[in-house]
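Below is one structure, written out as structure tokens; comments come after it.
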Amino acid sequence: MGFAVEKTMRYRLGLGIDSHRIGPGGPMRLGGDDIPGEYHLIGHSDADVLLHAITDALLGAAGLEDIGQLFPDTAAENRGRDSAELLRLAWAEVARSGFQIVNFDCVVRMEQPKLAPHKTAIRRRIAAILELDVDQISIKGKTGEATGDIGQSRLVEAHCIALLVRKSESA
Ligand SMILES: [Zn+2]
């Protein structure tokens, strides 16, 4: 019965969480945009923590393998790789599985730089990558209240939930 329910369920929810350490020197690649400032994120790819969380939310909602399995950080081809390209590839897989995106809701936890001045540009960039309307993407910034790894500007964390809907209800 579980299988039958899964096959006919119209909506699917997915959660993606990612974090990257902060290093000195900007700009910071975030949500496919370059944010000027004193810091960048450290990682095997371009370390775009927000796009990684979005990618995992999409893949999770579709029940596919996660970003680390699809694009392993041990592979030389993924070194310094543009995360927008990874997101596009993951979205193509999800779309092939028969889904459309309803919306995303994302939280970026980071002490600085402040996210607010860049939110609109990031939402537009993500909308362009996924061919969505800007109002399908919500991004909120939260600080670490000056405590812990986030508050001490050692870490940036992104959380994202994605809602997908099957393109056709009956099969
Ligand atoms: Zn990542």
Side-chain angles (χ1 to χ4, degrees), residues 12-95 97 99 101 103-116 118-119 121-130 132 136-144 148-164:
R12 304 264 308 197
L13 193 64
L15 171 66
I17 298 176
D18 195 34
S19 57
H20 282 269
R21 284 181 297 117
I22 287 174
M28 180 185 287
R29 176 65 64 88
L30 190 78
D33 201 21
D34 280 323
I35 296 182
E38 302 168 51
Y39 304 108
H40 72 284
L41 296 177
I42 299 166
H44 189 75
S45 65
D46 64 5
D48 192 324
V49 68
L50 178 55
L51 292 194
H52 293 176
I54 290 174
T55 303
D56 254 354
L58 267 181
L59 292 168
L64 298 173
E65 289 189 316
D66 70 19
I67 188 170
Q69 290 170 295
L70 286 182
F71 311 108
D73 65 6
T74 49
E77 71 206 40
N78 293 328
R79 186 166 196 82
R81 199 161 177 189
D82 181 359
S83 295
E85 187 195 337
L86 304 185
L87 175 55
R88 251 187 235 110
L89 290 170
W91 168 225
E93 282 295 314
V94 170
S97 305
F99 293 104
I101 296 165
N103 73 307
F104 290 109
D105 190 19
C106 309
V107 175
V108 179
R109 299 190 63 219
M110 129 176 122
E111 200 68 14
Q112 53 178 310
K114 294 295 172 214
L115 191 67
H118 308 284
K119 268 202 301 203
I122 290 172
R123 289 172 71 206
R124 284 199 187 119
R125 173 81 178 117
I126 293 166
I129 293 167
L130 295 171
L132 300 175
Q136 289 174 278
I137 301 154
S138 158
I139 298 168
K140 298 183 284 279
K142 292 278 171 191
T143 70
D149 285 337
I150 291 168
Q152 299 294 315
S153 291
R154 289 192 289 266
L155 194 78
V156 174
E157 200 173 80
H159 299 227
C160 176
I161 53 170
L163 186 65
L164 303 181

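On a predicted model such as this, the values are computed, not experimentally measured, just so you know. Side chains are part of it too, since the values below use all heavy atoms of this structure and drop only hydrogens, waters and symmetry mates. The first residue of the sequence shown is numbered 1, and numbering continues consecutively from there. First listed ligand is number 1; within each ligand, the first listed atom is number 1.
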How far apart are the C-alpha atoms of Ser138 and Asp105, what are their side-chain angles, what is the distance that settles it, and do they pass the side-chain hydrogen bond (donor to acceptor under 3.5 Å, both in side chains) test? CA-CA 5 Å; Ser138 158; Asp105 190 19; 2.8 Å; yes
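There is a side-chain donor-acceptor pair under 3.5 Å between Asp18 and His52.
His20 contributes NE2 as its N, O or S atom closest to the Zn ion (ligand 1). Here the N, O or S atom of His52 that is nearest to the Zn ion (ligand 1) is ND1.
Remark: Asp73 CG to Ser45 OG distance equals 8.5 Å, nearest 0.5 Å. From Phe104, atom CZ reaches atom CD1 of Ile139 across 10.0 Å, with rounding to the nearest 0.5 Å.
In summary, Asp18 places an N/O/S atom under 2.8 Å from the Zn ion (ligand 1), meeting the contact criterion.
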